[in-house]
Each structure stands twice: as C-alpha cells, then as structure tokens.
Amino acid sequence: NLNNTEKASQRIEGLKKLSKDLIQGIRMATFNLTPPELKDYGIPIALQKMANELSKLAGKNIIFENKSGFDDRFDTLVETNLYRVAQEAVNNAIKYAQSELILITVNHSEQIFSIIIEDNGKGFDKQKIPSKPKNNAEGGMGLFFMKERMNYINGRIFINSNPGEGTRITLNYPIK
C-alpha cells in the first residue's frame with residue numbers, strides 16, 4: 001500500500017534484512033561443502049581458507065597459523081575427517097561460545113599431526129554434555145560426531161573447556 005509510506009518503508013527494511021540473512025545463510029551452507037582446496041592442496045591450505053572465509057562471513061577474528069610448516073598429505077578419508085572435525089569446532093565457537101577470537105593452529109612432530117582450535121568464548125561444563133546423546137534436543141550431537149570421526153581415522157580428540165574460560169580442542173592424528 002503506497003498510501004501508507006511509513007508501513008511500506010518498514011516492510012521494505014524487513015525484506016532487506018531477510019534477504020541479507022538468506023544470502024549469508026546460503027554463503028555459509030555453500031562454504032560448508034568440502035572445499036576444492038582440501039582435495040587439491042591438503043589440510044593446512046583448506047583450514048587457512050576456512051579461517052579467512054568464516055572470518056568474513058561471521059564477523060569474527062579467526063586466525064590460522066601453520067606453526068611447523070606442515071605441507072604433507074594424508075589419505076583423502078583422513079583429510080576429510082580432520083577438516084570436518086575442525087570445521088565443527090570452529091562453527092561451535094561461532095554459534096555457541098560468543099567468542100570474538102578463534103585461533104586454528106597446525107603443528108606436527110615426527111609422530112603426531114595436530115590441529116588446535118581455541119576460542120575466547122564463554123566455555124562450557126564438559127560434565128553436563130552426555131557422552132552419547134539420546135536425541136538432538138539434548139545437544140552434544142556435534143561433539144559426539146567429532147569424537148566418532150576421530151575414532152574412525154584412529155585419531156584422538158581432547159576437549160578442554162570451563163565456563164567463562166573459553167574452549168580448546170586438540171585433534172591428534174598419528175603420522176605413519
């Protein structure tokens with residue numbers, strides 16, 4: 001109704017916001033697909049791109065650091081699972097932790113390849129997360145599947161978090 005310009009203006013602003021939210025949602029969903037960098041260049045480059053893209057999309061300070069210059073490749077199954085677990089950890093920090101800073105660090109020794117995801121968010125009480133969720137409503141599905149993915153590739157996951165102190169998730173994969 002163009003006779004009521006105030007109401008029309010409010011509706012237009014509402015549609016603009018809805019459009020912006022939809023575009024951001026589509027970008028996030030598209031980005032969450034497996035990136036070609038993972039297949040072409042490996043886990044460090046894919047994590048670097050994830051940090052850059054999510055930093056822009058989410059408006060958070062997400063920093064990637066390859067401390068040991070790791071550039072070797074693993075089996076596709078291993079790389080995909082490591083990437084997915086790291087991606088879930090970063091997404092959890094964005095969605096639930098209310099953190100402003102997320103640090104993704106890659107490191108390795110002769111025996112172990114590590115990815116560490118740290119945030120300065122609100123943290124959580126690990127004791128309150130069920131070890132095996134009964135259904136989606138209880139929460140903890142993401143953490144459960146992260147553990148399952150790491151077990152599947154014979155890796156290990158360590159979750160350190162306390163309320164008010166942020167979260168640190170360490171993924172370790174044995175180098176053969």
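Residues: numbered from 1 along the sequence shown.
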Novice: Do I157 and Y152 sit in the same hydrophobic cluster, where Ile, Leu, Val, Met, Phe, Trp and Tyr count as joined when their side-chain heavy atoms come under 4.5 Å apart?
Specialist: yes
Novice: Identify the two heavy atoms, one from E100 and one from N120, that lie closest to each other, and give their separation to 0.1 Å.
Specialist: N-OD1, 3.0 Å
Novice: Assess the side chains of N160 and R168: does a donor N or O sit below 3.5 Å from an acceptor N or O?
Specialist: no
Novice: What's the spacing between E53 CD and E37 CD if we round to 0.5 Å?
Specialist: 8.5 Å
Novice: Would you give the length of the straight line joining atom CG of L54 to atom NZ of K49, rounded to the nearest 0.5 angstrom?
Specialist: 10.0 Å
Novice: Any chance you could measure I43, atom CD1, to Y83, atom OH, to the nearest 0.5 Å?
Specialist: 8.0 Å
Novice: Can you name the one residue among I104, T167, I169, L103 that meets side-chain contact (heavy atoms from CB on, under 4.5 Å) with E118?
Specialist: L103
Novice: Working to the nearest 0.5 angstrom, can you tell me the gap between M150 CE and T170 OG1?
Specialist: 10.0 Å
Novice: Should F70 and I153 be regarded as members of a common hydrophobic cluster, given that ILVMFWY residues are connected when their side-chain heavy atoms come within less than 4.5 Å of each other, either directly or indirectly?
Specialist: yes
Novice: What's the spacing between E88 CD and R149 CZ if we round to 0.5 Å?
Specialist: 9.0 Å
Novice: Side chains of N172 and S114: donor-acceptor distance under 3.5 Å anywhere?
Specialist: yes
Novice: Return yes when atom NZ of K17 has more than 12 non-hydrogen atoms of other residues, nucleotides or ligands closer than 6.0 Å, and no otherwise.
Specialist: no
Novice: Run I102 and I94 through side-chain contact (heavy atoms from CB on, under 4.5 Å) and show every step you take.
Specialist: CA-CA 8 Å; I102 301 166; I94 292 169; 3.8 Å; yes
Novice: If only atom types and distance count, is the side chain of D119 paired as donor or acceptor with the main-chain N or O of S99 below 3.5 Å?
Specialist: no
Novice: Should we say atom CZ of F74 is surrounded by more than 12 heavy atoms from elsewhere, each under 6.0 Å from it?
Specialist: yes
Novice: Walk me through it: do I115 and T105 pass the test side-chain contact (heavy atoms from CB on, under 4.5 Å)?
Specialist: CA-CA 6 Å; I115 302 171; T105 307; over 6 Å; no
Novice: Could you walk me through whether H108 and F113 satisfy the ring-ring contact (aromatic ring centres under 6.0 Å, His included) test, starting with their C-alpha distance in whole Å, then the side-chain angles of each, then the deciding distance to 0.1 Å, before giving a yes or no?
Specialist: CA-CA 4 Å; H108 80 288; F113 171 75; 7.4 Å; no
Novice: Are F64 and V85 co-members of a hydrophobic cluster defined by side-chain heavy atoms under 4.5 Å apart?
Specialist: yes
Novice: Do side-chain atoms of N4 reach the backbone of K7 as a donor and acceptor pair under 3.5 angstrom?
Specialist: yes
Novice: Do the side chains of F158 and V78 join up, straight or via other hydrophobic residues, at under 4.5 Å, putting them in one cluster?
Specialist: no
Novice: Could you see if I116 belongs to whatever hydrophobic cluster contains V90? Use Ile, Leu, Val, Met, Phe, Trp, Tyr and a side-chain cutoff under 4.5 Å.
Specialist: no
Novice: I need the minimum non-hydrogen distance between L171 and A86, along with the two atoms involved.
Specialist: CD1-N, 3.9 Å
Novice: Of the non-hydrogen atoms in F124 and S161, which two are nearest, and what is the gap between them?
Specialist: N-OG, 2.9 Å
Novice: So do the side chains of D75 and E79 get within less than 4.5 Å of each other, counting heavy atoms only?
Specialist: no
Novice: Nearest 0.5 Å, what's the NZ-CZ distance between K147 and R156?
Specialist: 12.0 Å
Novice: Please name the pair of heavy atoms, one in L38 and one in R73, separated by the smallest distance, quoted to 0.1 Å.
Specialist: O-NH2, 3.0 Å
Novice: Quick one: closest heavy-atom pair of M146 and A89, and the distance?
Specialist: CE-CB, 3.8 Å
